[in-house]
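We name chains A, B, ... by the order of the sequence lines, and we start the count at 1 in each one. Worth knowing before you read on, the calculation uses all heavy atoms, side chains too, and leaves out hydrogens, waters and symmetry mates.
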There are 2 protein chains.
Amino acid sequence: MSTLPTSIKTEEENAKIVGLLKEKGLSVTLPRKLILALLIKEHGPFSAEDIFKKLPKNACDQATIYRCLNQFIETQLVTSAYLEKDMAHFEFNDPHHHHHHIICKICKKIDSFHDCILDKIESTLVKKGYKDIQHRLEFFGVCGSCQKS
Amino acid sequence: MSTLPTSIKTEEENAKIVGLLKEKGLSVTLPRKLILALLIKEHGPFSAEDIFKKLPKNACDQATIYRCLNQFIETQLVTSAYLEKDMAHFEFNDPHHHHHHIICKICKKIDSFHDCILDKIESTLVKKGYKDIQHRLEFFGVCGSCQKS
DNA sequence: TTATTTTTGCAAACTACTTGCAAAAGCTCC
DNA sequence: GGAGCTTTTGCAAGTAGTTTGCAAAAATAA
């Protein structure tokens, strides 16, 4: 009598997901488990709509997906990036698989690579056949005055 | 009898802006001149709304600002980044002032720095007093199959 | 199990951005 | 410099991703 949702196959996987949620102080609900399981199993980046389509039919509402994703970002379980204009993409924040993306300006296909030194990266991408390369690098942190308040 | 818009002060400045627009094959219109002049004079990054507020009253419609900014991006006169969720920020693309941004996760204040090697950058930011630093690095280019078609 | 808190689904709202269309402005060529 | 063609603008309405208010349902605590 398994009480696992269909898309979470093993007890082991289930335990991992429950552990991650509790570690972050989030209560364990079915939508949260399903979304997190998906992001761990298939590494994105996925838009909220991608996730909605990939989940079992009627698994949960789109609003719930947005709410969960925002909580996952706050707790740093996932990372987000604006790769296409006007649409966020989400990914499980796996510290062992630090990587970056290259998106084709025309077909929007998203590829990834694992180098992390800027000058090395561009030559890697050129070897991969990309042209007209630009990059966007932004840092996010908490500034001095916000640390005080 | 100067025919310059009020916010473009000198003939020299005007000539520069007209030159940039023509160089990119864009016709020279008042909204385009005003927006470009603003982005050159005050380096942003600015949102479309910031630009609207900074332009002389009734200088042009918000839709025109979006249209111009999109043309400027296509012609690489300006660059855009999603620093805050759901809102693009724009900056004059000055090749002599390559730099990156750090945005405070809490107050959203945007600061900039000119280092461009990843490992050097983080220590620079720490010295500046930021904590809990994350970065977002994305590359954009034209992939092999799009180059053919 | 019961009581309290949190989360969800639904529908409506919100907001950044885009678009269709007619009028206005810019460009071209004589 | 002006006529005619093209491009751009303003306006208003539309679009799409995302958020939110509220009552019902699920999760947690006791």
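Rounded to whole angstrom, the span from the CZ atom of F52(B) across to the P atom of dT9(D) amounts to 14 Å. Regarding L69(B), its CG atom lies at a distance of 13 Å from the C1' atom of dA16(C), rounded to whole Å. Spacing between atom CE of M87(A) and atom C1' of dT18(C) amounts to 16 Å, rounded to whole angstrom units. Distance, N58(B) CG to dA24(C) P: 16 Å, rounded to whole Å. Following rounding to the nearest Å, L30(B) (CG) and dC27(C) (C1') show an atom-to-atom distance of 16 Å. When the C1' atom of dT8(D) is taken as reference, atom NZ of K24(B) falls 20 Å away, rounded to whole Å. I65(B) has its CD1 atom 13 Å from the C1' atom of dA16(C), to the nearest Å. Remark: C1' of dA27(D) and NZ of K33(A) are 12 Å apart, rounded to the nearest angstrom.
Between dT18(D) and N70(A), no contact under 4.0 Å exists linking OP1 or OP2 to a side-chain N or O. Between S27(A) and dT7(C) there is a side-chain polar atom (N or O) within less than 4.0 angstrom of OP1 or OP2. Dashed line: the shortest gap from a side-chain N or O of K85(B) to OP1 or OP2 of dT19(D) is under 4.0 Å.
Applying the ring-ring contact (aromatic ring centres under 6.0 Å, His included) test to residues at least two apart or on different chains, none of the pairs has a partner in residues 50-75 of chain B.
Distances were taken from every side-chain heavy atom of D61(A) (C-beta onward) to each of dT7(C), dT9(D), dC10(C); the shortest belongs to dC10(C). For Y66(A), counting side-chain heavy atoms from C-beta on, the closest listed nucleotide (dT7(C), dT7(D), dT19(D)) is dT19(D). For Y82(B), the side-chain atoms get nearest to dC17(C) when compared with the rest of dT6(C), dA11(C), dC17(C). Nearest to the side-chain atoms of R32(B) among the listed nucleotides dG10(D), dA27(D), dT7(D) stands dT7(D).
Heavy-atom contacts from other residues, nucleotides or ligands closer than 6.0 Å to NZ of K41(A) number more than 12.
Two residues are said to be in side-chain contact when any heavy atoms from C-beta on lie closer than 4.5 Å; C60(B) and I65(B) meet this criterion.
Toward the 5' end of DNA chain C, the nearer of the two residues A48(B) and A63(A), judged by each one's closest nucleotide, is A63(A). Mapping S47(B) and T29(B) onto DNA chain C via the closest heavy atom, the residue that lands nearer the 5' end is S47(B).
Counting atom types as modelled, R67(B) pairs a side-chain N or O with a base atom of dG10(D) as donor and acceptor under 3.5 Å.
Taking the C1' atoms of five terminal pairs at each end of the helix from dT1(C)-dA30(D) to dC30(C)-dG1(D), the two resulting helix axes are inclined by 50°, rounded to 10°.
Among the heavy atoms of the strands lying under 4.0 Å from D86(B) are primed sugar atoms or P, OP1, OP2 only; no base atom is included.
Between the side chain of N93(A) and the backbone N or O of L77(A) there is no donor-acceptor pair closer than 3.5 Å.
Residue V18(A) comes nearest to K33(A) through the heavy atom pair CG2-CE, 4.2 Å, listed as atom of the first residue, atom of the second, then distance. When all heavy atoms of I35(B) and C68(B) are compared, the pair lying nearest together is CD1-CB, 3.7 Å.
Between E49(A) and K53(A), at least one side-chain N (NZ, or NE/NH1/NH2) sits under 4.0 Å from a carboxylate O, which counts as a salt bridge.
Checking T64(B) against D61(B) by side-chain atom types alone, no donor-acceptor pair falls below 3.5 Å.
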